[in-house]
Amino acid sequence: MADPRQELADLASAGLLRTLRPLDSPAGPRVIREGRELWNFASNDYLGLAGHPALAEAFIEGIRRYGAGAAASRLVCGSLTPHRELEDALAAAKGCEAALTFPSGFATAAGSLPALAGKDDVLVLDKLCHASLIDGARLSGATVRVFPHNDVAKLEKLLEGIRGKQAKARVIVVTESVFSMDGDVCPLQEIVAAKERHGAMLFLDEAHAFGVIGPQGMGLAAREALQDHVEFQMGTLSKAAGLAGGYLATSAAWRDLLVNRARSFIYTTAAPPALAHASLAALELIRSAEGDGLRARLRENVSVISPGHESAIVPVLLGSNEAALEASRRLEEAGYLVPAIRYPTVPRGTARLRVSVSAAHPVAAAEELAGHLGLH
Ligand code: PMP
């Protein structure tokens, strides 16, 4: 089919067409779209750091010190000071020997899974893993098995079966701390126990937990004191850290293997060094008393929308694409930006609103939104 218009028409008639809509202000807690001011409950800026003056200042200082761009892949031109500093700080903060950064979280997942597993290996993914993990698993050429979302009994069965046939294979369980479209938390202790019973390793994507959960915001593995039992702790600097980029914290040997094998690391220009410099400032801020204060504010706002909820992502399930789109449109009319999430981001028939809460929202805005959502 040479003409894309038929495909676009098919998407539109299924309620699945996506279009880029303008945003005419910074992506802060209050945004301007097409002349209207809206409360932004759509971003991943859980602590409000994307607009934090100290990070903007660190970015500018980084540009003054290191220039605008990295100019080459890190293996070609050399590994710049801010990248090394950031990786050392991330490794220490995550309780690991080493860390490697990538230009995005997507590049981290899509590049590291194929570096860690190959055709004789098995990757065992939670059914609701993020697209970047799925794509990384597919690219790896490893056998990919899937267990129902957060179902540790089924995971255990799968691992038993795999070990029955492939006693020596490298087996890596892949899951997320906080699921990006459901906002729920994985049963980490049980998953660790299961993978250890079967000699498997664990790759944990902490994208939505980093900055939000655990002591000093260092994630779910830190909260459960299981850092030594999670071989690969992935995360992003693009959500609570307010910037962009991804990291994998692991042992020194695995990191060295990634440097040699992760194609999204090797064959791409390093992120701007100023970004790494700002990321270091973000990490410090997240771990500071100010970071604790922001997490307390975030928890207060989350509890207004969903009492007892652990993450900053609150889904409101509606089922049909049309119902989700209509609810999102109505909220926008009422002054709230809350995205409708549809297939293929979520399974068919589970379209929803995805409310992302931030410490930067005044509690009154969260209360009003809860009222509009019919939660009060
Ligand atoms: N993992 C998860 C669970 C995510 O939700 C996302 C972003 N939506 C990513 C990885 C990719 O991160 P980034 O936006 O930094 O590319």
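We count ligands from 1, going down the list as the structure has it; atoms in each ligand are counted the same way. Computed from a predicted model, the values in this text were never measured in an experiment.
Every ring-ring contact (aromatic ring centres under 6.0 Å, His included) that Phe41 has, sequence neighbours left out, goes to His361.
Sequence neighbours left out, the pairs with a member in residues 123-133 that pass side-chain hydrogen bond (donor to acceptor under 3.5 Å, both in side chains) are Asp126-His149, His130-Ser132. Sorted by first then second residue, the side-chain hydrogen bond (donor to acceptor under 3.5 Å, both in side chains) pairs that include residues 213-229, not counting sequence neighbours, are Gln189-Glu224, Glu196-His229, Gln216-Arg287, Arg223-Glu310.
Near ligand 1, Ser104, Gly105, Phe106, His130, Ser132, Glu176, Ser180, Asp205, Ala207, His208, Met234, Thr236, Ser238, Lys239, Gly245 each place a heavy atom less than 4.0 angstrom from the ligand.
At distances below 3.5 Å, at least one donor-acceptor pair connects side-chain atoms of Ser358 with backbone N or O atoms of Asp45.
Ring to ring, His277 and Phe59 are not that close: their centroids are 6.0 angstrom or more apart.
Between Glu332 and Arg21 there is a salt bridge, with a side-chain nitrogen of the basic residue lying less than 4.0 Å from a carboxylate oxygen of the acidic one.
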